[in-house]
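This report refers to the structure that appears directly beneath it.
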Amino acid sequence: MERTHVNGQLRIADVGKKVTLIGWVAKRRNLGSLVFIDLRDRTGITQILFDETLTEAVRNVRNEYILQVTGTVLERQSKNPNMDTGDIEIKVQEVKIINSASQTPFIIADETDALEETRLKYRYLDLRRPVLQQKLFTRAKIVKAMHEYLDANGFIEVETPILAKSTPEGARDYLVPSRIHPGSFYALPQSPQQFKQLLMVAGFERYYQIARCFRDEDLRADRQLDFTQLDIETSFMSQDDILTMTEGMLAKVMKDVKGIDIKLPFRRFKYTEAMNRFGSDKPDTRFGLELKDVTEVFRNSEFRAFETGLSERGSIKALVVDNAADYSRKDIDSLTDLAKKNGAKGLVTIKYLNEQLEGSAVKFFNEIEKEDLIKTLDLKENQLVLIVSDSWEKACSVLGTLRSHLGRSLGLYDKNTYDFLWVVEFPLVEYSKEDERYYSVHHPFTRPYDEDLHLLDSDPSKVRSYAYDVVLNGYELGGGSLRIYDCDMQQKMFELLSLTKEEIETRFGFFIDALKYGTPPHGGLALGLDRVAMILTGSESLRDVIAFPKNANAKCPMSDAPTPVDEKQLKELHIKIVTD
RNA sequence: GGUCCAGUGGUGUAGUGGUUAACAUGCCUCCCUGUCACGGAGGAGAUCGCGAGUUCGAUCCUCGUCUGGACCGCCA
């Protein structure tokens, strides 16, 4: 369909040109024998003007009608500095109504009045809003920068199957019944992990894919059922090589998308350091407020609340906040609630006022402990101390949650800062008391540190691994690892994770087999593309950067999926629905 | 699986144990030549999510249910 320009294009230099535009009616302002219409397309808005000779032609035109207009570019009598095209308008000579539109359930504009529920139900209208279009444009730019960088660095994009084999380790699988093989199921991939490793066995050396992944778990504002990751795998690269390569790519993304030069290399924190200082394995380092360790201060304390922290794998951690006087009983209760919600048994709070420690716990401290606490925390007048005593990990993570909460509520950081970092040296496995077995911290293909191998039998939870996470502003953007490339070691890993010989054979037999035929040392990582897009567009929710997202209840608000299916379909799939 | 919050014209909100449920915006009609969230006048539009209970009387209180949201569990 014919148009000479798009709606975000024309400027004062174009005055006098005869142009044809097409677009949606964003707004109509009728002044009697003069009608203004804001004509919108994905590039922007241009004001078009109808004088008394044409007002009748647009008399019935309403919002979201599509018009094709031909006219002359004029300099406006009164300009609008808030619009890119605000210096000009089009005096229309011909108008054609290309399509009409029913009244939309909400206003198609950046500032809309509808709730997200309504917006998602009419997502195709929601996506007409310029803000949302910009977010998807930004997302596309991110992907383009990644493609360019990886292509320039010798990576080849390979597609891996969506219908794959179920490996019920980790998240719940989405299952797809097989019509041809009654009673058997495909699984949708939680990630292309094994396929990409097999591509390394095959000798591709540098693979990537914009891969769709599926996990049948409950959703969150930053979690969807199906999501997209940039999946990367390389051979013959060290951990350092991979981190440096990834940094280069993210630097290009930041430059191309945001025009920001970020500092390389990223800071690197060992897992234990990140936990000790920030109480998180994905710390937000845009602000300080670091955790302190006060275990030794209370080493001989009889205070019952500190018992767990003083036991073998326990710690007592503290967080010091300024302006204690600002905190009412209610504020402190809400911090305590937050701590408990995150698994703490309680939160000890102490105010330092008039050079005295104040708080209900203080009576359990002796003079030496009081002095030592003030000295260790370097307490200043009017500070508030939050203390959690628990296992080391729990004490850290609870205070880490409080730290994030306070960082946000006290406005301790600048929203336009992008602070990238790596967390490295993750433990290989962690022990689950309920299940009485070890679980991989990353995944079962992760390579343990060579110098820790002797601990693999005696104390597996002390073994470190070549796993790494890239973190931005408190969000885990992605992670990866060097992989095991020795089939005996891989076998041993599965055994450590309490898989039986039969389970190993049926689930991973083909994979272990593959490792026998000259597997190169390899490793890679995966970046959550949706999350990257969410952060770079400043969005609150993942749903803003996904064209057609599911809601919190795992439904598509537009199509209502998932829905029941025909008896006939079920029969073909050999499936009977049983409700209890 | 759990905790908490919300459901009132198309949309977003206010509100009250008692006559006609309020406001904004959108919509419709009319007026208007410099608007840009145009302005002005008038108008239509709601069984207050659903069911049960308490009550003389429920949109309001109670219970249940459905829908949506945030979080915990879960997410190798």
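Atoms considered below: every heavy atom in the structure, side chains included; atoms not considered: hydrogens, waters and symmetry mates. Lettering follows sequence order; numbering is per chain, from 1.
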* Hey, is the main chain of A/V131 close enough, under 3.5 Å, to the side chain of A/D110 for a donor-acceptor pair? ->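 Looks like yes, one N/O pair under 3.5 Å.
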
* Asked: Hey, does the side chain of A/Y468 reach the backbone of A/S481 with a donor-acceptor pair shorter than 3.5 angstrom?
  ->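 Yes, because the side chain of A/Y468 sits within donor-acceptor range (under 3.5 Å) of the backbone of A/S481.
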
Answer with base, sugar-phosphate or nothing: what part of the nucleic acid does [X] contact at a heavy-atom distance below 4.0 Å?
X: A/P444; answer: base
X: A/S191; answer: base
X: A/V441; answer: sugar-phosphate
X: A/S440; answer: sugar-phosphate
X: A/A221; answer: sugar-phosphate
X: A/E89; answer: base
X: A/L49; answer: base
X: A/L497; answer: nothing
X: A/E117; answer: sugar-phosphate
X: A/R531; answer: nothing
X: A/D216; answer: nothing

* Do we count A/F36 as stacking onto B/U35 if the rule is ring centres under 5.5 Å and planes under 30°? ->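 Check passed, A/F36 stacks on base of B/U35.
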
Quick one: is [X] getting a side-chain N or O under 4.0 Å of the [N] phosphate, OP1 or OP2?
X: A/R119; N: B/G68; result: no
X: A/S33; N: B/U33; result: yes
X: A/K555; N: B/G69; result: no

For [X] and [N], give me the distance from atom [atom1] to atom [atom2], rounded to whole Å.
X: A/F214; N: B/C75; atom1: CZ; atom2: P; value: 19 Å
X: A/L219; N: B/C72; atom1: CG; atom2: C1'; value: 15 Å
X: A/I88; N: B/U35; atom1: CD1; atom2: P; value: 17 Å
X: A/R29; N: B/C36; atom1: CZ; atom2: P; value: 7 Å
X: A/D337; N: B/A70; atom1: CG; atom2: P; value: 21 Å
X: A/R220; N: B/C75; atom1: CZ; atom2: P; value: 11 Å
X: A/I108; N: B/G12; atom1: CD1; atom2: P; value: 13 Å
X: A/K91; N: B/U33; atom1: NZ; atom2: C1'; value: 11 Å

Give the nucleotide from the list [options] with an atom nearest to the side chain of [X].
X: A/E217; options: B/U35, B/C75, B/A70; value: B/C75
X: A/D218; options: B/G12, B/A37, B/G73; value: B/G73
X: A/L31; options: B/U35, B/G26, B/G69; value: B/U35
X: A/R59; options: B/G68, B/U33, B/C30; value: B/C30
X: A/Q47; options: B/G26, B/U35, B/C72; value: B/U35
X: A/Q103; options: B/U33, B/C72, B/G26; value: B/G26

Would you please say whether a donor-acceptor pair under 3.5 Å links the side chains of [X] and [Y]?
X: A/Q47; Y: A/R29; answer: yes
X: A/N7; Y: A/D41; answer: yes
X: A/T72; Y: A/Q93; answer: yes

With rounding to whole Å, what would you report as the distance between [N] and [M] at their [atom1] atoms?
N: B/A46; M: B/G39; atom1: C1'; value: 29 Å
N: B/G57; M: B/G2; atom1: P; value: 35 Å
N: B/A44; M: B/C28; atom1: C1'; value: 7 Å
N: B/A24; M: B/U20; atom1: P; value: 22 Å
N: B/G12; M: B/C50; atom1: C1'; value: 23 Å
N: B/U11; M: B/U62; atom1: P; value: 27 Å
N: B/C38; M: B/C32; atom1: C1'; value: 11 Å
N: B/G17; M: B/A58; atom1: P; value: 15 Å

Both distances under 3.5 Å, Watson-Crick or G-U wobble: report the partner of [N], or none.
N: B/C56; answer: B/G18
N: B/U33; answer: none
N: B/C74; answer: none
N: B/G42; answer: B/C28
N: B/C63; answer: B/G51

* Return the 5'-most residue of the pair A/N60, A/H443 with respect to RNA chain B, ranking by each residue's nearest nucleotide. =>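 Nearer the 5' end of the strand: A/N60.
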
* Comparing A/L120 and A/D51 on RNA chain B - which has the more 5′ nearest nucleotide ->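 Looking at RNA chain B, the more 5' nearest nucleotide goes with A/D51.
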
* Asked: Can a salt bridge be assigned to the pair A/K345 and A/D390 using a cut-off of 4.0 Å between side-chain N and carboxylate O?
  -> yes

* Asked: Counting only non-hydrogen atoms, which of residues 65-87 of chain A are less than 4.0 Å from RNA chain B?
  ->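 Contacting residues: A/R76, A/Q77, A/S78, A/K79, A/N80, A/M83.
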
* **Test side-chain hydrogen bond (donor to acceptor under 3.5 Å, both in side chains) applied to A/Q190 and A/D173, step by step** => CA-CA 7 Å; A/Q190 298 180 25; A/D173 280 324; 2.6 Å; yes

* Residue among A/Q197, A/Q193, A/K165 satisfying side chain to side chain contact (heavy atoms under 4.5 Å, CB included) with A/F511 ->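 Running side chain to side chain contact (heavy atoms under 4.5 Å, CB included) over A/Q197, A/Q193, A/K165 with A/F511 returns exactly one hit, A/Q197.
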
* To do: Compute the ring centroids of A/F227 and A/F214, then answer whether they are less than 6.0 Å apart.
  => no

* Using the six-membered ring wherever Trp is involved, compare the ring planes of A/F426 and A/Y271 and label them parallel, tilted or perpendicular (cut-offs 30° and 60°). =>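 Because their plane-to-plane angle lies in the 30° to 60° range, the rings of A/F426 and A/Y271 count as tilted.
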
* To do: Record whether the side chain of A/R223 comes under 3.5 Å of the base of B/C75 through a donor-acceptor pair of N or O atoms.
  =>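 Such a pair is found, so the answer is yes.
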
* Asked: After noting the C-alpha distance and the side-chain angles of A/I90 and A/V73, does the key distance pass the side-chain contact (heavy atoms from CB on, under 4.5 Å) rule?
  -> CA-CA 5 Å; A/I90 311 301; A/V73 182; 3.7 Å; yes

* Asked: Do the non-hydrogen side-chain atoms of A/F278 and A/L291 ever get within less than 4.5 Å of each other?
  -> no

